[in-house]
**Student:** 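My structure is below; once you've seen it, I'll send some questions.
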Amino acid sequence: MANNSNQYQVKAKKHLGQHFLNDESVAQDIADTLTLNGYKSVLEIGPGMGVLTKYLLKKDITTYVIEIDTESVEYLQANYLNLAPRIIEKDFLKYDLNEIFKGEPFAIIGNYPYNISTQIVFKMLEMRDQIPEFSGMFQKEVAERICSKEGSKVYGILSVLAQAYYDAEYLFTVPPNVFNPPPKVDSGVMRLIRKADYSLPCDDALFFKVVKAAFQQRRKTIRNSLKTFDLSDNLKANSIFDKRPEQLNVQQFIELTQLIENDIKA
């Protein structure tokens, strides 16, 4: 287990977006967001000095960690000997996780680096067939955005794409003073649990394209923001095209994609 004498501390690196959590109770609360349903392994992204890792290692699950910072990797190898074979020194965004998981389901958890947190969510969504659960800590605004509903100012691409496949829940807020160095904003912990039936009744790639195009001009109506799709006048007369993207819920975005799909085929 961890050697907590900690004569040696890893220095947080700004370019990696590192803010090390140093509150044990918050770390335990984040670890406890895992339900352990539907998977036998969990991958922690960016474990740093292992404050969250040690609570994961107490659970009845196989813990892997992926860490790009060599100094953190050396610290973990020295302090968490039983974890050493499952420390992956790679960039999560570039690494093929099936070299480890071989198509098996696994959960993802972490205190995510703020500067790449949305990219982490997009990569997770690409692997949704293997990821029944995803939880952890983000900048509060990002966690709120992922969980927000239509009509909210922060509702956007991440909200719709995540909630098409997962049930999203904002769990709790974490103040800056429990980090070293403290970030300038609050953090928020949220959880995504994959829906029992998460297959969409439309083309997934087209769905992603429609949602992204709609929100890129969020103040405009859907009719204006989807001009590049070259849709028939007949379809554009549909009243759904009078709305702005934040007025559409996830189901309406799915229906919109179905309409576009049929129009393209016609």
**Student:** Any link between Tyr95 and Met124 through a network of hydrophobic side chains (Ile, Leu, Val, Met, Phe, Trp, Tyr) touching at under 4.5 Å?
**Tutor:**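 Looking at the clustering, Met124 is in the same group as Tyr95.
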**Student:** Checking side-chain contact (heavy atoms from CB on, under 4.5 Å) between Met137 and each of Asn111, Ile109, Thr173, which is the one that passes?
**Tutor:**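 Of all the options given, the one that passes is Asn111.
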**Student:** If I compare all heavy atoms of Leu192 with all of Ala162, which pair ends up nearest, and what's the gap?
**Tutor:**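 Result for this residue pair: CD1-CB, 4.2 Å.
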**Student:** Using distance alone, with no hydrogens and no angle criterion, decide if Asp197 and Ser199 have a side-chain donor and acceptor under 3.5 Å apart.
**Tutor:**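 Side chains of Asp197 and Ser199: pair found under 3.5 Å.
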**Student:** Is it true that a side-chain atom of Asn98 and a backbone atom of Gly103 form a donor plus acceptor pair closer than 3.5 Å?
**Tutor:**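 Side chain of Asn98 to backbone of Gly103: a pair is present.
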**Student:** Check step by step if side chain to side chain contact (heavy atoms under 4.5 Å, CB included) holds for Glu126 and Ile131.
**Tutor:** CA-CA 10 Å; Glu126 286 170 16; Ile131 301 172; over 6 Å; no
**Student:** Sequence neighbours left out, what pairs pass ring-ring contact (aromatic ring centres under 6.0 Å, His included) with at least one residue falling in residues 139-188?
**Tutor:**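 Every pair satisfying ring-ring contact (aromatic ring centres under 6.0 Å, His included) with a residue in residues 139-188: Tyr155-Phe215.
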**Student:** Answer yes or no: is there a donor N or O on one side and an acceptor on the other, between the side chain of Arg194 and the main chain of Asp129, under 3.5 Å?
**Tutor:**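 Yes; judged by distance alone, with no hydrogens or angles, the pair exists.
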**Student:** Do Tyr75 and Tyr80 make the cut of ring centroids closer than 6.0 angstrom?
**Tutor:**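 Between Tyr80 and Tyr75, which both carry aromatic rings, the centre distance is not below 6.0 Å.
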**Student:** Heavy-atom count check: over 12 atoms from other residues, nucleotides or ligands less than 6.0 Å from Asn234 CG?
**Tutor:**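 For Asn234, atom CG is not crowded (no more than 12 foreign heavy atoms under 6.0 Å).
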**Student:** State, to 0.1 Å, how close Ser159 and Ser148 come at their nearest heavy-atom pair, and which atoms those are.
**Tutor:**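 Scanning both residues, the minimum pair turns out to be OG-OG, 3.5 Å.
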**Student:** Where do Leu97 and Met127 come nearest, in terms of heavy atoms and distance?
**Tutor:**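 Distance-wise, the nearest heavy atoms are CD1-SD, 3.7 Å.
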**Student:** Please check: side-chain N/O of Gln247 versus main-chain N/O of Arg244, any donor-acceptor pairing under 3.5 Å?
**Tutor:**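 Present.
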**Student:** Do you reckon Val154 sits in the same ILVMFWY cluster as Leu158, going by side-chain contacts under 4.5 Å, direct or chained?
**Tutor:**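 No.
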**Student:** Test your reading of the model: is there a side-chain donor-acceptor pair from Arg191 to the backbone of Ser135, 3.5 Å cut-off?
**Tutor:**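 Checked: no pair found.
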**Student:** Quick one: do Phe207 and Leu235 end up in the same hydrophobic cluster if we chain Ile, Leu, Val, Met, Phe, Trp and Tyr together by side-chain heavy atoms under 4.5 Å apart?
**Tutor:**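 In one cluster: yes.
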**Student:** Nearest 0.5 Å, please: how far is CD1 in Ile240 from CG in Leu248?
**Tutor:**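 Going from CG on Leu248 over to CD1 on Ile240, the span is 5.0 Å.
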**Student:** Under the criterion side chain to side chain donor-acceptor pair (under 3.5 Å), which of Gln258, Gln251, Gln252 is the partner of Glu255?
**Tutor:**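 Looking at Gln258, Gln251, Gln252, the match for Glu255 under the side chain to side chain donor-acceptor pair (under 3.5 Å) is Gln251.
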**Student:** For residues Lys220 and Pro245, report the shortest heavy-atom separation together with the two atoms involved.
**Tutor:**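 Scanning both residues completely, I find the closest heavy atoms to be O-CD, 3.4 Å.
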**Student:** Under a 4.5 Å side-chain heavy-atom rule over Ile, Leu, Val, Met, Phe, Trp and Tyr, are Leu93 and Val121 clustered together?
**Tutor:**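 The answer is yes; both residues are in one hydrophobic cluster.
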**Student:** If you count heavy atoms of other groups shown closer than 6.0 angstrom to NZ of Lys40, is the number above 12?
**Tutor:**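 It does not: Lys40 NZ has 12 such atoms or fewer within range.
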**Student:** Find the distance between NZ (Lys236) and CG (Asp263) and round it off to the nearest 0.5 Å.
**Tutor:**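 Lys236 NZ to Asp263 CG: 9.0 Å, rounded to 0.5 Å.
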**Student:** Please give me the minimum heavy-atom distance between Gly136 and Ile30, naming the atom from each residue.
**Tutor:**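 It is CA-CG2, 4.3 Å.
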**Student:** Any cation-pi pair here, Lys212 with Phe229, using under 6.0 Å and within 45°?
**Tutor:**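 No.
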**Student:** How many angstroms lie between atom CG of Leu43 and atom OG1 of Thr63, to the nearest 0.5 angstrom?
**Tutor:**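 Reported to 0.5 Å precision, the distance equals 9.5 Å.
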**Student:** In Å and rounded to the nearest 0.5 Å, what is the OH to OG distance from Tyr64 to Ser41?
**Tutor:**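 Reported to 0.5 Å precision, the distance equals 5.0 Å.
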**Student:** Nearest 0.5 Å please: distance from the CE atom of Met190 over to the CZ atom of Arg145.
**Tutor:**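 Spacing of CE (Met190) from CZ (Arg145) equals 12.5 Å.
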**Student:** Where do Pro47 and Ile66 come nearest, in terms of heavy atoms and distance?
**Tutor:**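 Residues Pro47 and Ile66, closest heavy atoms: CD-O, 3.3 Å.
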**Student:** List the steps and the verdict of side chain to side chain contact (heavy atoms under 4.5 Å, CB included) for Ile61 and Leu56.
**Tutor:** CA-CA 8 Å; Ile61 192 164; Leu56 298 174; 5.7 Å; no
**Student:** Hydrophobic clusters here meaning ILVMFWY residues chained together by side-chain heavy-atom distances under 4.5 Å, can you tell me if Ile100 and Val42 are in one?
**Tutor:**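 Each belongs to a different hydrophobic cluster.
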**Student:** Does a side chain donor of either Thr35 or Glu133 reach within less than 3.5 Å of an acceptor in the other side chain?
**Tutor:**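 Yes, side-chain donor-acceptor contact under 3.5 Å.
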**Student:** Could you check whether Phe138 and Tyr112 have their ring centres less than 6.0 Å apart?
**Tutor:**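 Ring centroids of Tyr112 and Phe138 are less than 6.0 Å from each other.
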**Student:** Is a side-chain donor-acceptor pair under 3.5 Å present for Asp32 with Tyr55?
**Tutor:**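 Side-chain D/A pair, Tyr55 to Asp32: absent.
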**Student:** Between CD1 of Ile108 and CD of Gln130, what distance do you get to the nearest 0.5 Å?
**Tutor:**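 It comes to 9.5 Å.
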**Student:** Indicate yes or no for a side-chain donor-acceptor contact from Glu89 to the backbone of Asp69 under 3.5 Å, with no hydrogens or angles considered.
**Tutor:**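 Side chain of Glu89 to backbone of Asp69, a donor-acceptor pair under 3.5 Å: no, none is there.
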**Student:** Examine Lys123 relative to Phe92 and say whether NZ or CZ is less than 6.0 Å from the centre of the six-membered ring and inside a 45° cone about the ring axis.
**Tutor:**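 Yes, a cation-pi geometry.
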